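To keep things clear, I will list the structure first and then write my remarks on it.
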Amino acid sequence: MLGIIGAMEIEVATLIDAMEISKKETKAGMTFCCGKIEGKDVVVVKSGVGKVNAAMCTQILIDDFDVDAVFNTGVAGSLNNDIDICDVVVSTKAQQHDMDVTALGYDRGIIPDMEKSVFEADSKLIDLAKKSAKDAGLEINVFEGKVLSGDQFIGTEEAKNFLKKEFAGDCVEMEGAAIAHTASLNGVPFIVIRTISDKADGGAEMDYPTFEKKAAKNSISLMKQIIKNY
Ligand code: ADE
């Protein structure tokens with residue numbers, strides 16, 4: 001069983017529409033839709049926005065739905081000048097940028113008493129995503145990169161530059177690293193696949209609503225091909 005998480009309706013609706021649904025189960029306010037896409041067993045769920053929702057959702061997928069892998073699809077702000085609006089970022093790794101225990105001497109982003117604070121995506125899933133992007137014949141550029149997550153929408157040049165300098169991230173969103181963290185602690189492979197909706201700068205407030213739909217659509221088209229190839 002493949003688990004697929006999107007934070008918002010727009011990030012999962014088309015995928016759920018494409019599903020032969022066999023069962024729906026609601027837990028912690030999240031509806032888990034089980035069924036088949038491209039003949040494969042999947043469970044698709046809208047987690048809600050932010051790291052807490054995303055972590056809870058991932059743990060439920062693992063405990064109650066016995067998923068073999070967790071995919072996170074959706075949109076993100078670009079932190080890399082080479083990665084433009086509507087391009088796709090496939091995660092190599094993910095980190096929570098708002099973890100800050102610097103006051104106690106830890107480096108920014110380091111989670112005290114954890115073996116890891118940067119979570120590596122599964123290499124087979126990275127290859128699968130790259131191959132699927134080619135197979136889908138989508139007119140989109142696909143990049144591998146580091147995904148940063150925090151409970152903040154990044155929309156100023158200053159905040160963007162800070163994240164680039166401190167964490168060398170390629171894109172920023174609000175759930176991926178929490179999913180990565182939860183999946184990693186449970187020994188379940190994960191990958192984050194995000195289409196760029198804005199550049200996380202002063203224009204983000206305008207770009208996000210303009211490109212959100214198209215960006216979410218790109219992620220879902222790629223997700224469908226990944227499911228087919230899985
Ligand atoms: N998701 C899409 N764009 C984002 C941004 N600029 N900051 C945080 N999450 C996002």
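Counting starts at 1 for both ligands and their atoms, in listed order. All figures in this text were calculated on a predicted structure; none of them were measured in a lab.
Annotation: ring pair (Phe, Tyr, Trp, His ring centres under 6.0 Å) contacts involving residues 12-59, sequence neighbours excluded, comprise Phe32-Phe65.
Across Ala159 and Thr156, no two heavy atoms sit closer than the pair N-OG1, 3.0 Å.
Listed by chain and number, residues touching ligand 1 at under 4.0 Å (heavy atoms only) are Val75, Ala76, Gly77, Gln152, Phe153, Ile154, Val172, Glu173, Met174, Ser197, Asp198, Ala200, Tyr208.
Not one N or O on the side chain of Asn186 forms a donor-acceptor pair closer than 3.5 Å with the backbone of Ile62. Checked by atom type and distance alone, the side chain of Ser22 pairs as donor or acceptor with a backbone atom of Cys34 at under 3.5 Å.
Between Arg194 and Glu173 there is a salt bridge, since at least one side-chain N of the basic residue sits less than 4.0 Å from a carboxylate O of the acidic one.
Residues Ser47 and Asn53 have side chains that never bring a donor and an acceptor to within less than 3.5 angstrom of each other.
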